[in-house]
Amino acid sequence: MLQKLKSTSLKKVLPWVIIMFIISAGLLIYFGPDFITWAKGPVVFEELTMDEIEDQYVTMTFELSWGTYATQVTTTTRNGAKVSERDSMQYHAVLVGGLDRYLNSEEDLYWEFIGLALPSKYFGTAKVIDRNSDDFFESYDLRTLDTTLQVTGQICPMEDDMLRYYRSFFREADYTDEEFAAYCAPYYIKVDGLKRASVGVVLTMNATAAILFVVALFKLIKALTGGYQKKLIKALKAQGETELERADSDYETASEPSKGLRIGRNYMFDCTGAKTEVYPLRQVAWAYIHQTDHKKYGRTVGTTYAIMMYTEDKKQHSLAVLDKSSCDQVIDELSRKCPAGIFGYSDQLKQLFNKNYDEFTRLRRQKEAETNQTQGFTDTFSADPYQNQNPYV
């Protein structure tokens, strides 16, 4: 029995285990490199040269903007109509290596640029930096740059549309195509982001992948080692040393009125899920068919069924069944093998069960006695079919 139940549990969990492993692997393949980049930590942007910036994860001090070459606008629509729009991202041209490199160099360096993608939460500070930058280019007084913003992000290549805006911005500043190619890097710093997504999304996706992997591995190991049957074994052993062997025999000879529900002479085994549940038939107090109609736009589009079963400790158990016919077969089988059980639903039974359980129990015992009496009469009659015949005829 236990080996069969273990095999059933494995079949139940295996599809979900495979799905979770696949999703976990996909998330790790896609977001894993970004996580590794984040885990290594950023390098100081001001220490990099033009030849070193590609794909770097950097931290920089934003204090000087050469200008904003593009603004991303997010539009909200409702039923196809525009409701609102807002600026969600600004793209600034900033100096590769920072301002100090050019001011403190003994050589006459050409200014080199890169893009900086700044989310809307930084717009307030960026506005001040823009104003300070205008003042700086008029006076070249470093004291005007009294507002800074420390940002972190990965350096990513510009897409075609963004590169077009970037090139147009420098053309308006009288840069030739040769000068643009030489001094304007086709990259931008993705503030608070990594190559594939924001830092928050990357961390969330990698955490999700790790959780899915651990859960899938746990379920697989639990199914292979019989962990889904531990509660069953414990419950049976608590009733006696030989009860497990008795249940084993009962399982092998049990009927299966609905897929996954096996009913023997002493126990009912619920194998509809990965976890195997066992219920002593003598403890079944009440059971009835529960029907749920699923509606859409006021119309019933589907119906599901279950057996609602209560044991003597008044605990409720929901047994999954396929259809109405299976429900009827389960109830019929239980009614034959549980003489002390009440089967069927009524509001009176529900009220009695909830508010006067002693009376409900008395009703069960009365039914059990009547059932046993009827069965005893039937057995006696069947044992000697000729007892009422005249032997002399």
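Just so we're clear, the structure is a prediction, and the values are computed from it rather than from any experiment. Counting begins at 1 with the first residue of the sequence. Scope of the values below: all heavy atoms of this structure, side chains included, with no hydrogens, waters or symmetry mates.
- The backbone N or O of L261 lies less than 3.5 Å from no partner atom in the side chain of D270, so there is not a single donor-acceptor pair.
- Here the closest heavy-atom approach between residue S65 and residue S133 is recorded as N-OG, 2.9 Å.
- Ring to ring, Y69 and H92 are not that close: their centroids are 6.0 angstrom or more apart.
- Here the CG atom belonging to L64 is positioned 5.5 Å from the CG atom belonging to L99, to the nearest 0.5 angstrom.
- A donor-acceptor contact shorter than 3.5 Å is absent between the side chain of Q90 and the backbone of P119.
- More than 12 heavy atoms of other shown residues, nucleotides or ligands fall within 6.0 angstrom of atom OH in Y357.
- No side-chain donor-acceptor contact under 3.5 Å links K295 to the backbone of V301.
- A side-chain donor-acceptor contact under 3.5 Å links R364 to the backbone of A340.
- The local environment of CZ in R265 is sparse, with at most 12 non-hydrogen atoms from other residues, nucleotides or ligands closer than 6.0 Å.
- For CD of E256, the number of neighbouring non-hydrogen atoms (other residues, nucleotides, ligands) closer than 6.0 Å is greater than 12.
- Ionic pairing of E312 and R365 is present here: one or more N-O contacts between side-chain nitrogen and carboxylate oxygen are shorter than 4.0 angstrom.
- Between the T225 side chain and the I221 main chain, a donor and an acceptor come within less than 3.5 Å of each other.
- Ion pairing between K121 and D192 holds under the 4.0 Å rule for side-chain N and carboxylate O.
- In this view, E85 and V73, T75, K82 satisfy the side chain to side chain contact (heavy atoms under 4.5 Å, CB included) rule, not counting sequence neighbours.
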Original post:
Checking ring-ring contact (aromatic ring centres under 6.0 Å, His included) for the pair Y166/F170: CA distance, chi angles, key distance, verdict?
Top reply: CA-CA 7 Å; Y166 186 59; F170 280 99; 5.3 Å; yes
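- Closest approach of A247 to L236, counting heavy atoms only: CB-CD1, 3.6 Å.
- Side chain of S139 to main chain of D141: a donor-acceptor pair is present (N/O by atom type, distance under 3.5 Å, no hydrogens or angles).
- Here the side chains of T276 and S9 are in contact, with some heavy-atom distance below 4.5 Å.
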**OP:** I would like to know whether Y175 and F180 meet ring-ring contact (aromatic ring centres under 6.0 Å, His included); could you show each step before the answer?
**Re:** CA-CA 6 Å; Y175 273 62; F180 176 81; 7.9 Å; no
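- With a 6.0 Å radius and a threshold of 12 heavy atoms from other residues, nucleotides or ligands, K314 has its NZ atom above the threshold.
- The heavy-atom pair separating T125 from T148 by the smallest distance is CG2-O, 4.3 Å.
- Separation of the H290 and Y345 ring centroids does not fall under the 6.0 Å cut-off.
- Q154 is not listed as a side-chain neighbour of I189, based on a closest heavy-atom distance of 4.5 Å or more.
- Contact between M268 and M309 at its shortest, heavy atoms only, is CE-SD, 3.4 Å.
- Comment: E333 engages K337 in a salt bridge, judged by a side-chain N to carboxylate O separation of less than 4.0 angstrom.
- Atom CD of E159 has 12 or fewer neighbouring heavy atoms from other residues, nucleotides or ligands inside a 6.0 Å radius.
- In this structure, E179 contributes its side chain and T176 its backbone to a donor-acceptor pair below 3.5 Å.
- Ring centroid separation for the pair F113 and W66 comes in under the 6.0 Å cut-off.
- Put simply, the side chain of L212 does not reach to within 4.5 Å of the side chain of F21, judged on heavy atoms.
- In this structure, D135 contributes its side chain and T144 its backbone to no donor-acceptor pair below 3.5 Å.
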Original post:
Yes or no on side chain to side chain contact (heavy atoms under 4.5 Å, CB included) for M60 and L116, after CA distance, side-chain angles and deciding distance?
Top reply: CA-CA 10 Å; M60 72 164 287; L116 176 71; 3.9 Å; yes
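- Here the shortest heavy-atom pairing between I263 and V330 reads CD1-O, 4.2 Å.
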**OP:** Kindly indicate, with the supporting measurements, whether the criterion ring-ring contact (aromatic ring centres under 6.0 Å, His included) is fulfilled by F353 and W286.
**Re:** CA-CA 9 Å; F353 182 86; W286 184 26; 5.4 Å; yes
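- Of all heavy-atom pairs spanning C338 and F343, the tightest one is O-CE1, 3.6 Å.
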**OP:** Begin from the C-alpha positions of D328 and K324 and carry the test salt bridge (charged side-chain N to carboxylate O under 4.0 Å, His left out) through to its verdict.
**Re:** CA-CA 6 Å; D328 293 335; K324 179 65 165 57; 3.0 Å; yes
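- A salt bridge links R196 and D34; the closest N-O separation between the charged side-chain nitrogens and carboxylate oxygens is under 4.0 Å.
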**OP:** Apply salt bridge (charged side-chain N to carboxylate O under 4.0 Å, His left out) to D177 and R167, showing your working.
**Re:** CA-CA 8 Å; D177 289 342; R167 182 182 288 110; 5.2 Å; no
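- With E52 contributing its side chain and T49 its backbone, the two residues share a donor-acceptor pair below 3.5 Å.
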Subject >> Stepwise side chain to side chain contact (heavy atoms under 4.5 Å, CB included) test for Y102 and E112 >> reply: CA-CA 10 Å; Y102 302 92; E112 297 172 329; 3.6 Å; yes
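- Side-chain atoms of K367 come within 3.5 Å of backbone N or O of P339 as a donor-acceptor pair.
- For the pair L232 and L5, the minimum side-chain heavy-atom distance is below 4.5 Å.
- Here D160 does not pair with R164 in a salt bridge; the nearest charged N to carboxylate O distance is not below 4.0 Å.
- Side-chain atoms of V278 and K231, non-hydrogen and from C-beta on, never get closer than 4.5 Å to each other.
- Taking the centre of each ring, Y140 and F136 come in below the 6.0 Å mark.
- Remark: W111 CH2 is packed, more than 12 non-hydrogen atoms of other residues, nucleotides or ligands lying under 6.0 Å away.
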